[in-house]
Structure formats: C-alpha cells, structure tokens
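As a basis for the values below, the full set of heavy atoms in this structure was taken, side chains included, without hydrogen atoms, waters or symmetry mates. Lettering of chains follows the sequences in order, A, B, ..., and the numbering in each one begins at 1. What you are looking at is a predicted structure, and each value in this text was computed from that prediction instead of being measured.
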2 protein chains.
Amino acid sequence: MKFPNSYYISDYKLPINDYFVFGLSVDCVIFGYQEGEIKVLLVQRGLEPFKGNWALIGDLVEPKQNLCDAANNVLEKLTGLKNIYLKQFFAFGSVDRHPLDRVVTVGYFSLVNSMDYKPIASSWAKSARWFNINDLPELAFDHHTILLKGIETLKDEVRHKPTGFELLPPKFTLLELQLLYEALLGYKFDKSNFRKKIIEMNILKPLKEAKENVSHRPAQLFEFDEKRYRALEKEGFSFEL
Amino acid sequence: MKFPNSYYISDYKLPINDYFVFGLSVDCVIFGYQEGEIKVLLVQRGLEPFKGNWALIGDLVEPKQNLCDAANNVLEKLTGLKNIYLKQFFAFGSVDRHPLDRVVTVGYFSLVNSMDYKPIASSWAKSARWFNINDLPELAFDHHTILLKGIETLKDEVRHKPTGFELLPPKFTLLELQLLYEALLGYKFDKSNFRKKIIEMNILKPLKEAKENVSHRPAQLFEFDEKRYRALEKEGFSFEL
DNA sequence: GTACTTATAGTATTTTTTACTTTAAGTATT
DNA sequence: AATACTTAAAGTAAAAAATACTATAAGTAC
C-alpha cells in the first residue's frame, strides 16, 4: 500500500490507495513511405485479448519506466527497430477503451523510410509488416481511432516542419521530394514552383551527383541540411509548404 | 485483483496485476487576458504534498472516469468554473515527477476572458487567482514544466486557429483584437493592415453598435461569427495571422 | 470653435504565388 | 548519327498578397 489514508485530507470518494489502479500503455504509430504510398507498421497479436488481430506497436508501461523510454523499448521489443525519434501526440483515456480493465494509453508517432527498416516480429508479436494506409485490416482495441488521430498529427507536422525528409533516402531528387509531399498532403504541386520554393528555403545541400539507372535525363541529388535548418530555425525561420 | 496471471502469456517481468498501479491525474492550464497581459489561473494547495504552494488546477482521476470528464470536473471542483472548452496538450510521465508515487498527468488548456470568470476556491484549494504569466510564484510538482509546454501550445494554437477570440468579451473592437494578438504573439501589427486582413477573412460580424465611454471617437463593435467560421473551415479555409 | 485622439478608408510599392513556356540533357530507337 | 521521347531545370509574365504609408472622418475635451 502506498499511503496512509490520512495522508490526503480532502474529499476523495474512495480510499486514496484505490486511485492507484490504472494500467498505462504506449502505442506507436510508425509511418513509412514506399512507391508513392504511405504505410503504417502494424504487428499481429499473439495473445489475448484480440489474439490474431493486427494492432499498433504498444504494450503496458513498467511501473518504474519513463513514458518515452517505454515507447522506444516496446518498438524495439516487438519489431527490432531502434534509434527512431518518437513524438508523443495524444493520450487516450476513455473508461471503456480496453475490454478488460482501465488502461490509459499514450500515442507516439514517427516517420521512417520503410526501405531502411525491416521489422522482425518478436515477443508477443506473431508478425510485423507495413500496411498501406488506405488498405488497413481491422485493428485491436481502439487502435483505429488512435491511428486516425496519428494521421491528423502527421499532416499537421509535415506541413509545418521539414519532417518529411526522414521518409526519403539520404540523397534524393527534387521530384522524389515533391511526390512524397503530394502523397503526404493529398494534393499536387506545380513542379517548377515546388523546386523554386524548396531551394529558396536553403535547407537542401545540392550534391555533385545525379540519380543513376534511369532511362531519361537523370536529376541532381540533394541532401537535407539539418545543421542549416537548425540555424535558420533559431533565426525565426519556419518551414511551410 | 484483475486478471489471473496466466492471462497474459508473454514475457512480462512482473505478475500482470503489478502493472495496474499507476495514479493518473489531470492538470488544467487556464489562460486569461486582462489589460494587455496574459494571465494563468492557479490554486493554492491546502494539503500535502506541497501544501501552501501554488499549483495548476488538477487532481487524481477517478478509476471510472473519462480523462476529459476528469479535467472538466476538477476545474469546477477547485474553482467553480464550468462549461469551458478544455483541450488536451500533453501527457507528462517521468517516473520521478511526483514525489510520493508514480503519477502520470495529462495536461489540458483553455483560454477564457478572465473578466467573465471569477474563480472561487473550494475543496482542497485554499485560494484561487489569476497570475500574470511573467510574474509567477514557485509551483508545486513539475507544474512549471507543464505550464511552459502549455504556453508553447497556446502560441501554436493562437497562430493557426481563431482561438484568441475567447479571451475577449463577445463584442469587441478591432483594436482590442489587435492588442490581444500582439500580447499573445509578442509582436506588433500594422493597424491598417491588421484590419484589412481580419475583415477579409469574413469571420467577424460587424455590429451597428459602437464602443461606449471612451474619451475619443468610439470604434465599431464586432462579434466573432463562429457559424461562418465553421462553414469556411469546411471549405478548406485556414485561419492564420 | 480648436486641439486632440482614435477610427477608418485608401493607395502605391514591393514581395510572393501561380500558371505557364522554353530550353537543356539525358536515354532509347531506327 | 539522326530522331523521338522523357524528364530536368531555368525563365517569365500575370495575379494576388503583404507591407508601408497617407489622408480623412468622427468622435471627445476644453
């Protein structure tokens, strides 16, 4: 038991110890990008409840574990992916969201280049793979709701921060970048104007190399200049497409 | 006890029931506006821990209470304020953020016209009052961290959504609106251009009345046209200053 | 009526966005 | 090696938006 009931002198309805009964979990929404499609990483549950269903990458938090550590750990435990920057986006706390007991879950999301990360299912995950965001299976718990909120956050993030670059290989062409943003935001850009805008932002480092193995004129390759972006950000620059 | 330990078949370090030991709380960051200054509503704690310290408006969530209900309830319980739209902004989950036990807290924030809401302390709140955001007392727990994150969220929100109107009385002049935004965002607008921009947005309803009791030419009063805003939003309009 | 203060309208210039055109540079085909 | 084809990359003109500034109107205070 945690506290003597006399500790909190106030008007609680229950003995103070009866408040320390919540389960806490984290759920990761990992977005990827491949062949012009936005993907999300899911795992198949190998245990009850929802055994056999696909679900977001999540689990209960240890009593002595920081929230953000829990998110990173569960991602590695279930899929083998590590060193991925996870960003918290929302806490889901409906009384009935978990069929067995009161579990509040905190959602994290990330963007990665799905080519670079080959998930390997382990622990209770029977399998793990990328799903096209427009072709999802039925999900466990309220994971569909969480995913929708994650997509909303993604769009907001992508429009106001240069997060999108994380989905591309380190060296990319301007057209590849444009196609990525078109997929993420759901509308088209004028090619010429997109180039101009992004180049004038001064956050891309032009390389002397060109794309290879294309059956037409190869385009110049660029790198995202993170150092430069951080510097510009300090001066008040804000990315916006 | 919740589950038989056999229920979860997987590789948990502890018996499953030992995971259901979290305390959960909500904390409300209520922003107000008065005389060109941004205020935040705080309560003085009448019980341990941090007895006597000022703190955000928050408390433990009941085991059978939805997160958002908890936020609204605690606000009314401690200050008497109700029917205030609260928006979740972040969950704070460091292991050591609460000195006594593991408590994860979820932050909510809101904007109100501090003239309209006179907080009355009750329950364990010894007193409740508005503090200027630049002149804060020492706060209980990690509430200073939470408040800073709340301010960050506020600035983001204010710049991209017409939330700021909630801080003004229902009928206001354009200059009042401009001064509010200058206080919120921390920089000045050109008077003429500000008028033009906001009027062209078509989200203000011009009234036939004028400001009274001023010692100079009185300005026309306006109302925020929420209906119109919702309609425009649906068409893809996005507020931005 | 005069001085003063703020409201409100207007205008001219610059900057940015948008839509579109042209030219260049490569591959593939005959 | 000429031609067709594809995409890259640069340029340009018109429209729209942002900015800086001016002028006038409408009230109060004395």
- Message: Keeping B:Q178 on the side-chain end and B:F189 on the backbone end, is there a donor-acceptor pair under 3.5 Å?
- Response: yes
- Task: For A:R195 and D:dA8, give me the distance from atom CZ to atom P, rounded to whole Å.
- Result: 7 Å
- Message: Using whole Å, what does the distance between atom C1' of nucleotide D:dG11 and atom CZ of A:F194 come to?
- Response: 19 Å
- Take the protein atom CD of A:E176 and the nucleotide atom P of D:dT7, then report the distance between them rounded to whole Å. 13 Å
- Decide, yes or no, whether a salt bridge links A:E200 with A:K196 under the criterion of side-chain N to carboxylate O below 4.0 Å. no
- Output the residues of residues 201-211 of chain A in contact with DNA chain C, where contact means a heavy atom of the residue under 4.0 Å from an atom of the strand; sort by number or write none. none
- Donor-acceptor pair, side chain of B:H143 and main chain of B:L56, under 3.5 angstrom: yes
- Item | From CG (B:L78) to OG (B:S127), nearest 0.5 Å | 11.5 Å
- How many Å lie between CG on B:L241 and P on D:dT19, as a whole number? 11 Å
- Going 5' to 3' through nucleotides 20-30 of chain D and flagging B where a protein heavy-atom sits under 4.0 Å of the base, S where only the sugar-phosphate is that close, and - otherwise, we get BB---BBBSS-
- Message: Using only atom types and a distance under 3.5 Å, with no angle test, would you say the side chain of B:T79 pairs donor to acceptor with the backbone of B:L81?
- Response: yes
- Item | For B:A140, side chain to side chain contact (heavy atoms under 4.5 Å, CB included) partners two or more places apart | B:R45, B:F50, B:N53, B:A55
- Message: Please check: side-chain N/O of B:Q88 versus main-chain N/O of A:A91, any donor-acceptor pairing under 3.5 Å?
- Response: yes
- Query: Just checking A:L175: base, sugar-phosphate only, or nothing, at a heavy-atom cut-off of under 4.0 Å?
  - Reply: sugar-phosphate
- Item | Presence of B:K191 side-chain N/O under 4.0 Å of C:dA7 phosphate oxygens OP1/OP2 | yes
- What is the distance from NZ of A:K188 to C1' of C:dT18, rounded to the nearest Å? 17 Å
- Rounded to whole Å, CD of A:Q178 lies from P of C:dT18 at a distance of 13 Å
- Rounded to whole Å, the CD-P distance (B:E200 to C:dT8) equals 16 Å
- Determine, for B:F109 and B:K87, whether the Lys NZ or Arg CZ falls below 6.0 Å from the six-membered ring centre while staying within 45 degrees of the axis. no
- Query: Could you give the CZ-to-P distance, from A:F189 to C:dT18, as a whole number of Å?
  - Reply: 10 Å
- May I ask you to say whether A:E209 pairs ionically with A:K171, meaning some side-chain N is under 4.0 Å from a carboxylate O? yes
